[in-house]
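In what follows, every chain begins at residue 1, and chains take the letters A, B, ... in the order their sequences are listed.
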Amino acid sequence: MPELPEVEGVVRALAPIAIGRTIQNVTVSDTVIKSKQLGKEAVIKGITTEDFIVDMAGMTIGNVTRRSKYIYFHLMKDGNTCLLVSHLGMTGAWFTVDSVDDITEMKFRNHVHVVFTLEGGGLLVYSDIRRFGELRLLGCEADHPPLLKMAPEPFATGARKHFLEFAAMPKYARKPIKEVIMDGHVLSGCGNIYATEAIYKMKIHPERTTERISLKRKNELFDVIVAILQESIDAGGSSISDYRNINGEAGTMQDRLKMYGRKFCPACGSATESMKIASRTSVYCPTCQK
DNA sequence: TGAATTGACCGGGAGC
DNA sequence: TGCTCCCGGTCAATT
């Protein structure tokens, strides 16, 4: 599952290869074409497959950036700018290869859905096993309002203030803290893995409601989340399940996780327990987390 | 009007 | 071996 650190790794790997390149043509898998023909919004969102192919051809990639868990391809064509927004969903991955056959892992090679052929050679490939990811071609961010509602980047000035203000709002204050820190309107880019780790480090029970955590502790929690996200970026992300970086390589952060996916608490040895919070599995130590 | 819930999008893999 | 069902990030639609 790619979260913010994993997406950051993809962007850092993708940017130097993609910036300045022009897309010669685009091909879309039969699977996606058939789904779209059935009226489903499979991978390519908000536009027909035909229009996507026509519009993307001739685009020059001016920049590749990250916003929360989204990848933004800043594009130019005929003097106009636009934005290709990519979310990896559960199992999405980008590859830069000379041929699709160069994708070594079969489960990714078998689920290639969009191939951008670049002028001067080389392919930019989007693969997605479960097709939960999305590609959305926009004129600008404002064309897709949910993007404007995202909380500030956790590393940006103002993110702490935003987090504390939103966490104090009644609609969030009465919810479990784990649900609140995973909510992209409150805090950007903290998914289930890092939320699990952060509240474990803070010794906070996942069900504890936000209003029952002091302002001082909420400040500390924010610091812990930011530190964990940064640590994971430095470690190349966590390779849980189907995340791979641009070269199909795995990160090492999963080895540093203290609670996510653990059977026993590394601090006290208690058997961990799990429960559903906001329909996501929350693993916690019943002894340490109160 | 806003909040809460449900549905859509899926294949891998666990469990039986 | 083969079947069933759980899993989950996000948005949209519905209640």
Side-chain angles (χ1 to χ4, degrees), chain A residues 1-8 10 28-49 52 66-72 85-94 105-114 126-138 141-151 154 166-167 169-176 178-196 206 209-211 229 237-244 254 260-261 263 274-283:
Chain A
M1 271 173 291
E3 297 189 19
L4 184 150
E6 292 75 33
V7 178
E8 178 67 23
V10 171
V28 176
S29 70
D30 289 343
T31 308
V32 167
I33 290 170
K34 283 174 185 160
S35 291
K36 294 282 283 181
Q37 283 170 346
L38 293 170
K40 297 175 181 174
E41 285 282 271
V43 180
I44 297 170
K45 311 282 185 181
I47 187 174
T48 65
T49 311
F52 181 80
R66 179 188 59 71
R67 178 72 176 92
S68 188
K69 300 176 196 170
Y70 293 86
I71 300 165
Y72 284 8
V85 176
S86 163
H87 193 289
L88 301 175
M90 303 293 298
T91 53
W94 284 94
E105 273 188 282
M106 286 310 293
K107 60 181 175 179
F108 286 104
R109 199 197 301 175
N110 290 338
H111 295 279
V112 166
H113 292 300
V114 186
Y126 181 71
S127 170
D128 195 336
I129 299 165
R130 259 176 270 181
R131 281 173 270 159
F132 270 29
E134 68 177 58
L135 295 177
R136 196 181 286 273
L137 182 58
L138 305 171
E141 242 187 344
D143 290 346
H144 188 53
L147 297 173
L148 301 178
K149 294 181 180 173
M150 289 188 287
F166 271 59
M169 291 162 61
K171 63 180 281 195
Y172 296 115
R174 289 193 284 265
K175 284 183 178 173
K178 178 154 179 293
E179 181 175 346
V180 171
I181 61 177
M182 283 193 294
D183 190 315
H185 304 103
V186 181
L187 186 63
S188 272
C190 183
N192 196 27
I193 296 172
Y194 300 113
T196 296
T209 56
T210 304
E211 63 194 349
L229 292 174
S238 302
S239 295
I240 304 286
S241 155
D242 294 318
Y243 167 72
R244 295 296 180 276
Q254 67 278 6
Y260 184 89
K263 293 278 191 290
S274 71
M275 58 169 58
K276 289 279 179 187
I277 293 181
S279 76
R280 272 89 144 225
T281 304
S282 295
V283 183

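Under the side chain to side chain contact (heavy atoms under 4.5 Å, CB included) criterion, A/Ala173 pairs with A/Glu211, not counting sequence neighbours. Judged as a side-chain hydrogen bond (donor to acceptor under 3.5 Å, both in side chains), and not counting sequence neighbours, the contacts of A/Lys36 are A/Glu41. With sequence neighbours left out, the side chain to side chain contact (heavy atoms under 4.5 Å, CB included) criterion links A/Ser29 to A/Thr31, A/Val32, A/His113. Contacts of A/Lys69 classified as side-chain hydrogen bond (donor to acceptor under 3.5 Å, both in side chains), with partners at least two apart in sequence or in another chain: none. Among residues two or more places apart in sequence or in another chain, the side-chain hydrogen bond (donor to acceptor under 3.5 Å, both in side chains) test is passed with A/Glu141 by A/Tyr72. With sequence neighbours excluded, no residue forms a ring pair (Phe, Tyr, Trp, His ring centres under 6.0 Å) with A/His111. Partners of A/Ser86 according to the side-chain hydrogen bond (donor to acceptor under 3.5 Å, both in side chains) rule, which considers only residues two or more places apart in sequence or in another chain, are A/Trp94. Residues passing the side chain to side chain contact (heavy atoms under 4.5 Å, CB included) test with A/Pro154, sequence neighbours excluded: A/Leu4, A/Ser188, A/Val226, A/Leu229. In terms of the side chain to side chain contact (heavy atoms under 4.5 Å, CB included) criterion, residue partners of A/Glu179 (sequence neighbours excluded) are, by chain and number, A/Lys175, A/Pro176, A/Ile277, A/Ala278.
What separates CD of A/Glu179 from P of C/dT10 is a distance of 14 Å, to the nearest Å.
Residue A/His87 has no polar side-chain atom (N or O) positioned under 4.0 Å from OP1 or OP2 of C/dG9.
Closest to the A/Thr281 side chain, of the nucleotides C/dT10, C/dG8, B/dG12, is C/dG8.
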Scan nucleotides 4-10 of chain B against the protein and return all N/O pairs shorter than 3.5 Å with their distances rounded to 0.1 Å.
{"residue": "B/dC10", "atom": "OP1", "partner": "A/Ser35", "partner atom": "OG", "Å": "3.3"}
{"residue": "B/dC10", "atom": "OP1", "partner": "A/Arg131", "partner atom": "NH1", "Å": "3.3"}
{"residue": "B/dC10", "atom": "O4'", "partner": "A/Arg130", "partner atom": "O", "Å": "3.2"}
{"residue": "B/dC10", "atom": "O3'", "partner": "A/Arg131", "partner atom": "NH2", "Å": "3.0"}

Pull out every protein N or O sitting under 3.5 Å from an N or O of nucleotides 11-15 of chain C, one pair per line with the distance.
{"residue": "C/dC11", "atom": "OP1", "partner": "A/Tyr70", "partner atom": "OH", "Å": "2.9"}

Should A/Phe52 and A/Leu135 be marked as a side-chain contact (heavy atoms from CB on, under 4.5 Å) after you check the CA-CA gap, both sets of side-chain angles, and the distance that decides it? CA-CA 10 Å; A/Phe52 181 80; A/Leu135 295 177; 4.2 Å; yes

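Across all strands, A/Lys149 comes closer than 4.0 Å to no nucleic acid atom at all (heavy-atom distances).
For the helix from B/dA3-C/dT15 to B/dC16-C/dG2, the angle separating the two terminal helix axes comes to 50°, with each axis derived from five pairs and the value rounded to 10°.
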